[in-house]
There are 2 protein chains.
Amino acid sequence: MVTEETVKVIEWLGDRVRLIDQTRLPQAEVYLDLTDYHDVAAAIKELKIRGAPAIGVAGAYALALGALHVKAATRKEFLKEFEKIKQAIASTRPTARNLFWSLERLAQVAQTSSEDVARTKEALVNEALRIHAEEAEATLKLSEFGAALLKDSSAILTHCNTGALATAGYGTALGVIKWAIKQGKHIRVLATETRPLLQGARLTCWELKKADIPATLITDSMAGYLMSLGKIDGVIVGADRIAANGDTANKIGTYTLAVLAKAHNIPFYIAAPTSTIDLSLASGKGIPIEERRPEEVTGFQGVTTAPADMAVANPAFDVTPHHLITAIITEKGVVGEPYGEGIKEICHVQAG
Amino acid sequence: MVTEETVKVIEWLGDRVRLIDQTRLPQAEVYLDLTDYHDVAAAIKELKIRGAPAIGVAGAYALALGALHVKAATRKEFLKEFEKIKQAIASTRPTARNLFWSLERLAQVAQTSSEDVARTKEALVNEALRIHAEEAEATLKLSEFGAALLKDSSAILTHCNTGALATAGYGTALGVIKWAIKQGKHIRVLATETRPLLQGARLTCWELKKADIPATLITDSMAGYLMSLGKIDGVIVGADRIAANGDTANKIGTYTLAVLAKAHNIPFYIAAPTSTIDLSLASGKGIPIEERRPEEVTGFQGVTTAPADMAVANPAFDVTPHHLITAIITEKGVVGEPYGEGIKEICHVQAG
């Protein structure tokens with residue numbers, strides 16, 4: 001077990017949820033105590049908490065919190081309200097698989113519950129806590145598996161934020177990097193700033209500073225050039241949804257890094273807990289890609305960077321086809337081509 | 001001749017230089033009247049005027065302005081001061097070939113001048129004016145040549161700013177796009193924002209709005225994904241220096257777009273006047289790449305986007321090898337592989 005003191009990204013406090021407002025980082029460390037599930041849902045929508053695994057945990061707590069406050073005399077009444085709350089939370093963000101995965105886990109608990117509504121509420125809170133604990137443990141496990149793939153004295157590029165903040169655990173891609181460094185490997189870390197919302201500059205750099213890990217910040221547009229100079233030996237990123245064939249949705253810009261890595265013969269890794277895998281989708285084509293507000297592209301924190309009313313494209317994610325991925329690192333092991341079989345295996349699906 | 005009313009990017013006003021401060025766009029249109037060549041040199045250094053061809057014009061005016069104010073009784077004294085001023089202007093920015101090209105043109109005039117210092121000063125001003133006129137004319141010519149390459153009903157991506165602001169003329173890559181549209185072609189224009197200094201968002205979008213050309217702004221990280229969706233049919237960019245073999249230095253991020261274009265089988269064009277070509281360099285390896293201040297990457301216009309003291313890489317340009325370039329468009333014609341021969345030909349160099 002890793003004992004490192006990490007930031008408390010999200011916590012269940014019996015009757016409320018506490019989370020650090022990630023939109024305020026790195027300038028201010030502000031914690032929000034939320035007693036209404038609507039506020040947790042809004043926090044997800046507004047990216048106060050973000051990162052696929054962390055959204056999964058936040059969604060579970062939001063649903064448990066909502067369920068706790070339901071006034072229902074009968075199981076039937078309770079389940080009706082529960083379903084409404086679940087739908088509201090499910091509608092916050094479309095791409096990250098983990099959100100739907102954890103809502104379904106709580107729905108299972110509700111569906112198989114007894115007539116005693118109070119006990120059901122308790123069971124739902126416990127399931128949310130279990131999801132958080134299991135997911136945090138999964139990020140530790142996958143970080144250990146992934147660290148074995150990173151070569152000593154190599155320069156590793158990561159994109160967006162995939163550390164404690166993104167996972168409410170140890171991290172996915174950033175967890176792998178941290179573990180390799182903890183093992184004594186000399187890793188030169190490069191982080192893309194990750195426009196438009198700058199999760200790399202704001203959050204990854206903040207986490208690396210806290211962990212006392214030196215890193216070099218670059219704009220997204222610099223990765224290719226640095227690869228051409230031989231200054232990047234590998235790329236590792238997280239995932240928001242992985243299809244059954246290994247196609248992976250992740251933060252916009254990931255696909256470009258995968259194409260560049262292939263062109264420069266550099267390994268390109270995805271790191272994610274299995275809760276990110278969506279076996280219902282045969283390929284990445286079916287993954288819903290969130291289109292966000294134009295203002296994210298035309299400015300930053302009140303500074304306008306483009307003329308008013310510019311037309312904008314703002315897909316928050318892109319899809320990287322499996323053939324550009326060297327390996328997918330999960331808590332159940334590392335999967336490579338053929339992804340279809342490997343993914344089935346780690347998800348314990350019977351083949352044929 | 002195109003009669004369109006374009007912005008007066010830089011003007012010679014007899015005893016001073018007037019230029020629009022490009023660091024203030026798109027929020028404010030501020031014109032600066034500069035009577036001291038040091039101020040013009042500072043304007044180049046601080047990117048108040050930028051873009052390789054425009055830097056060439058500004059450098060010529062700066063040197064003419066400096067020469068005008070030299071107090072020298074003899075030709076020898078004058079040439080000594082002239083050389084000092086030339087060195088000061090040459091040291092402002094290292095990558096754009098056009099600056100050195102135009103300084104050399106003025107140096108030729110000075111070297112071959114008569115004993116009459118006043119007449120030499122006049123000849124230098126005239127040479128600077130000639131450079132501006134010829135370069136502006138060159139951008140019109142190359143825009144016409146390039147427009148023939150753009151297919152009707154296609155979506156064309158451009159990077160950074162290469163319009164009037166970057167050239168003190170019609171434009172290079174953006175000139176090609178504008179001319180194609182003027183010809184009646186339906187071109188869907190996409191512009192990258194171009195971090196760190198956002199010349200795409202701030203300047204290209206501003207120029208396109210002025211020209212009433214609709215366009216879609218994207219972050220640099222989105223180009224790959226849009227190509228994978230079939231939403232980009234071609235890429236056209238400018239150049240800061242072109243080596244004898246066609247390798248091209250241009251705004252950071254250009255190389256990534258070239259790799260992406262190749263991976264998606266999309267044409268990738270460079271548009272530049274021949275003043276950008278540096279026959280003294282056999283390949284792109286010798287092109288000096290300017291490394292700029294870390295603050296450009298850790299923030300934008302007073303907004304800090306990363307923790308204090310983050311290590312940063314900030315190369316302002318990258319080098320695209322000629323094999324990724326479909327064609328180089330100049331005012332002397334369009335050159336393709338083998339670039340070595342084609343470039344020699346348009347530069348009127350005797351082969352063998």
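Naming: A, B, ... by sequence-line order, numbering from 1 per chain.
- Residues of residues 229-255 of chain B lying within less than 4.5 angstrom of chain A, judged on heavy atoms, are B:Ile252, B:Gly253, B:Tyr255 in numerical order.
- Contacts between B:His159 and chain A at a heavy-atom distance below 4.5 Å are absent for every atom of the residue.
- At most 12 heavy atoms of other shown residues, nucleotides or ligands fall within 6.0 angstrom of atom CG in A:Asp212.
- When heavy atoms are compared at a cutoff of 4.5 Å, A:Thr320 does not approach chain B at all.
- Listed here is the closest heavy atom pair of A:Lys209 and B:Ala308: NZ-O, 3.4 Å.
- In this structure, the portion of B:Asp220 lying under 4.5 Å from any heavy atom of chain A is its side chain and not its backbone.
- Across all non-hydrogen atoms, the minimal contact from B:Val259 to A:Ala263 is CG1-CB, 3.7 Å.
- Among the residues in residues 291-298 of chain B, those with a non-hydrogen atom closer than 4.5 angstrom to a non-hydrogen atom of chain A are B:Val297, B:Thr298.
- Here the CE-CG distance, from A:Met227 to B:Asp318, works out to 13.0 Å after rounding to the nearest 0.5 Å.
- Pairing each heavy atom of B:Phe300 with each of A:Thr305, the nearest pair is CE2-CG2, 3.5 Å.
- The nearest pair of heavy atoms linking B:Ala201 to A:Pro307 is O-CD, 3.3 Å.
- Of the listed residues (B:Ile289, B:Leu198, B:Val303), the one with the most heavy-atom contacts under 4.5 Å to chain A is B:Val303.
- For the atom pair A:Leu217 CG and B:Asn314 CG, the distance stands at 9.5 Å (nearest 0.5 Å).
- Among the residues in residues 189-197 of chain A, those with a non-hydrogen atom closer than 4.5 angstrom to a non-hydrogen atom of chain B are A:Glu193, A:Arg195, A:Pro196.
- Of the residues considered (B:Arg202, B:His264, B:Met310), B:Met310 shows the highest number of contacts with chain A, using heavy-atom pairs under 4.5 Å.
- Smallest separation of non-hydrogen atoms from B:Thr216 and A:Ala313: CG2-N, 3.5 Å.
- With a 4.5 Å cut-off on non-hydrogen atoms, A:Ala215 touches chain B through its backbone and its side chain both.
- Taking 4.5 Å as the heavy-atom cut-off, the residues of residues 20-29 of chain A that approach chain B are A:Pro26, A:Gln27, ordered by number.
- Inter-residue side-chain proximity for B:Ile218 and A:Val312 is flagged as unmet; no heavy-atom pair is nearer than 4.5 Å.
- When the shell of 6.0 Å around CG of A:Asn265 is examined, it contains 12 or fewer heavy atoms from other residues, nucleotides or ligands.
- The SG atom of B:Cys205 lies 12.0 Å from the CG atom of A:Asp309; values are rounded to the nearest 0.5 Å.
- Taking both residues in full, the closest heavy atoms of B:Ser221 and A:Thr256 are given as O-OG1, 3.9 Å, listed atom of the first, atom of the second, then distance.
- Per-residue counts of heavy-atom pairs under 4.5 Å with chain B were compared for A:Gly224, A:Ala311, A:Ala306; the largest is that of A:Ala311.
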